[in-house]
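Structure first, commentary second.
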There are 2 protein chains.
Amino acid sequence: MSWTVGELARLAGVTVRTLHHYDRIGLVRPSERTSAGYRSYDARDLDRLQQVLLYRELGFPLEEVATLLDDPDADPAAHLRRQHRLLRDRLERTSAMVAAVEKEMEARQMGISLTPEERFEVFGDWLPEEYAGEAEERWGDTEAWAQSQRRTAAMSKEDWLRVKAESDDVERRFAAALAGGVPADSVAAMDLAEEHRQQISRHFYDCSPEVHGGLGRMYVEDERFTAYYERIAPGLAQYVSSAVQANAARQG
Amino acid sequence: MSWTVGELARLAGVTVRTLHHYDRIGLVRPSERTSAGYRSYDARDLDRLQQVLLYRELGFPLEEVATLLDDPDADPAAHLRRQHRLLRDRLERTSAMVAAVEKEMEARQMGISLTPEERFEVFGDWLPEEYAGEAEERWGDTEAWAQSQRRTAAMSKEDWLRVKAESDDVERRFAAALAGGVPADSVAAMDLAEEHRQQISRHFYDCSPEVHGGLGRMYVEDERFTAYYERIAPGLAQYVSSAVQANAARQG
DNA sequence: CTTGACCCTGACGTGGCGTCAGGCTGTTGC
DNA sequence: GCAACAGCCTGACGCCACGTCAGGGTCAAG
């Protein structure tokens, strides 16, 4: 069985131009051409297109989709698992937004007005879906990642909110220490770092001091993590990083 | 209270460049400039930005967002109702995709392969969210929708007072039931809760039992809503919350 | 009075296609 | 046996919603 561009386009709900584009950039290439130069897609091409569309829907840039799909170590089942998790993330986020809108409606009805922070809450601290994707890419074959996956999968919404509240708390105290001029290698800062490490261990995976030190380095080396902390307070990424590494040295 | 671009950007989780862009195209303009030319956003500007971000998240092109928000016939409540519906559409679509991925996983596990039609089903008959906006315009032709739209959008002062009287009535009867020792999970209390739900559905938006249950939880979790009910009678927030949730459970 | 974070306005770049333009192919109907 | 028309091809340019410098002004802290 094979399909022409037009047929595949109708089937998949995209335009012919989109398929041309994907061919051009090498993302989804027809496995054959007719003698007249017509594109001819087979079942394996459909497979691939389906994967591409799902990742695209989840907000991945096409180039990243390509590297994901061309990774020889990632089998189809792994992609499905990842997509499943990402979709569930999106579900959660969307229901948070529904809840936010409902809250606004009720507030309006009662003549209450929400604080600005509350109103942007649902937009604010959202880490893009690609973040999760890359996190898996880096840690995908470690035992730590598997542990984290198992634990978070079993987490209810309330669990998750509780975990988030805890880490927000530590982050806020880090920010306060930074603002208060507490040195990153002071005992107080190291104690905060230790608390941070134990949180990770409790909720996600066994995080040894050395592993934790590695994380600390990443906070300043990986721009996405840096951005996350910098949005809480300027200089916080470096501060947390230093405190975490000082703590790791102390423990070692 | 006013905000600079940077502050607003952090608050809303967007970049400064985005705010510049929105200013340039006239989508969200700071209501003032300092003598030095700095943008200065006030609370009304935040309102607008929040609406813009929600519509953007839902996939509307910015130009369309502008015409939506600048429509003098559409009040804030109408926007919230529309956003609520669009978000619920997205929820539905996302869970359909989750189901599709789960189906694929299971099929793979059992060595079955799905038909191409099956596999693109979830993409295929999906028309982007902006289409839902158009769907509303279509539905706008039916009497029921148009009536409910007009009723709330163009609610006169008397209408509003009548609606308010209705909800005051239910609230008073809740207070009386509480004072009379009627249990929150009794049939009488649940009937009151049901009346409350139907009021919301009639006057504001489609409020399913589950949505209503969510509201109920908020009455005790959000201090401002709690304060609203507590001012009518001490213990009323918890009482209404319990009754609403008992009713939701009864309906489910 | 300097430093460093923050602000300004251009101006160009980019991703993911949409939209012609100009021309070849393949099937159906007469 | 050929006309007509739907469908395919390859450029090439356009567009949206910003990202990313460049070059320069502003402001609060020390």
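Letters go in sequence order (proteins before strands), and every chain restarts at 1.
Rounded to whole angstrom, the span from the CG atom of A:Leu53 across to the P atom of C:dG16 amounts to 13 Å. Across the protein-nucleic acid pair, B:Arg39 atom CZ and C:dC8 atom C1' stand 7 Å apart, rounded to whole Å. As a whole-Å value, the separation of A:Ile25 CD1 from C:dG15 P is 10 Å. The distance between atom CG of B:Asp23 and atom P of C:dC7, rounded to the nearest whole Å, is 14 Å. Put simply, NE2 on B:His21 is 18 Å from C1' on C:dC8, counting in whole angstrom units. With rounding to whole Å, A:Tyr38 atom OH is found 11 Å from C:dT27 atom C1'. Between the CG atom of B:Leu19 and the C1' atom of C:dC8 there is a distance of 14 Å, given to the nearest Å.
Backbone-only contact: A:Thr4 has heavy atoms under 4.0 Å from sugar-phosphate atoms and none from a base. Note on A:Leu62: only backbone sugar-phosphate atoms sit closer than 4.0 angstrom, heavy atoms only; bases stay farther off. Within 4.0 Å (heavy atoms only), A:Thr15 reaches sugar-phosphate atoms of the nucleic acid but no base atom.
Residue-to-nucleotide proximity on DNA chain C shows that, of B:Arg24 and B:Val16, the 5′-proximal contact is made by B:Val16. Projected onto DNA chain D by closest heavy-atom contact, B:Glu63 and B:Arg17 fall at different nucleotides, the more 5' of which corresponds to B:Glu63.
Salt bridge annotation for A:Asp45-A:Arg29: absent, with no cationic side-chain nitrogen under 4.0 angstrom from a carboxylate oxygen. Using a 4.0 Å cut-off between charged nitrogen and carboxylate oxygen, A:Asp42 and A:Arg48 do not count as a salt-bridge pair. Salt bridge status for A:Asp185 with A:Arg250: absent, with no side-chain N to carboxylate O gap under 4.0 Å. Under a 4.0 Å N-O distance rule, the pair A:Asp169/A:Arg173 qualifies as a salt bridge.
Remark: the backbone N or O of B:Val14 is not paired with any side-chain donor or acceptor of B:Thr18 at under 3.5 angstrom. A distance-only check finds a donor-acceptor pair linking the side chain of A:Ser95 to the backbone of A:Leu91 [under 3.5 Å].
For the pair A:Glu104 and A:Leu114, the minimum side-chain heavy-atom distance is below 4.5 Å.
Remark: A:Tyr22 is in phosphate contact with C:dC17, judged by side-chain N or O atoms under 4.0 Å from OP1 or OP2.
In summary, contact between chain A and DNA chain D, defined as any nucleotide atom under 4.0 Å from a heavy atom of the protein, begins and ends at D:dG7 to D:dA12 in the 5' to 3' direction.
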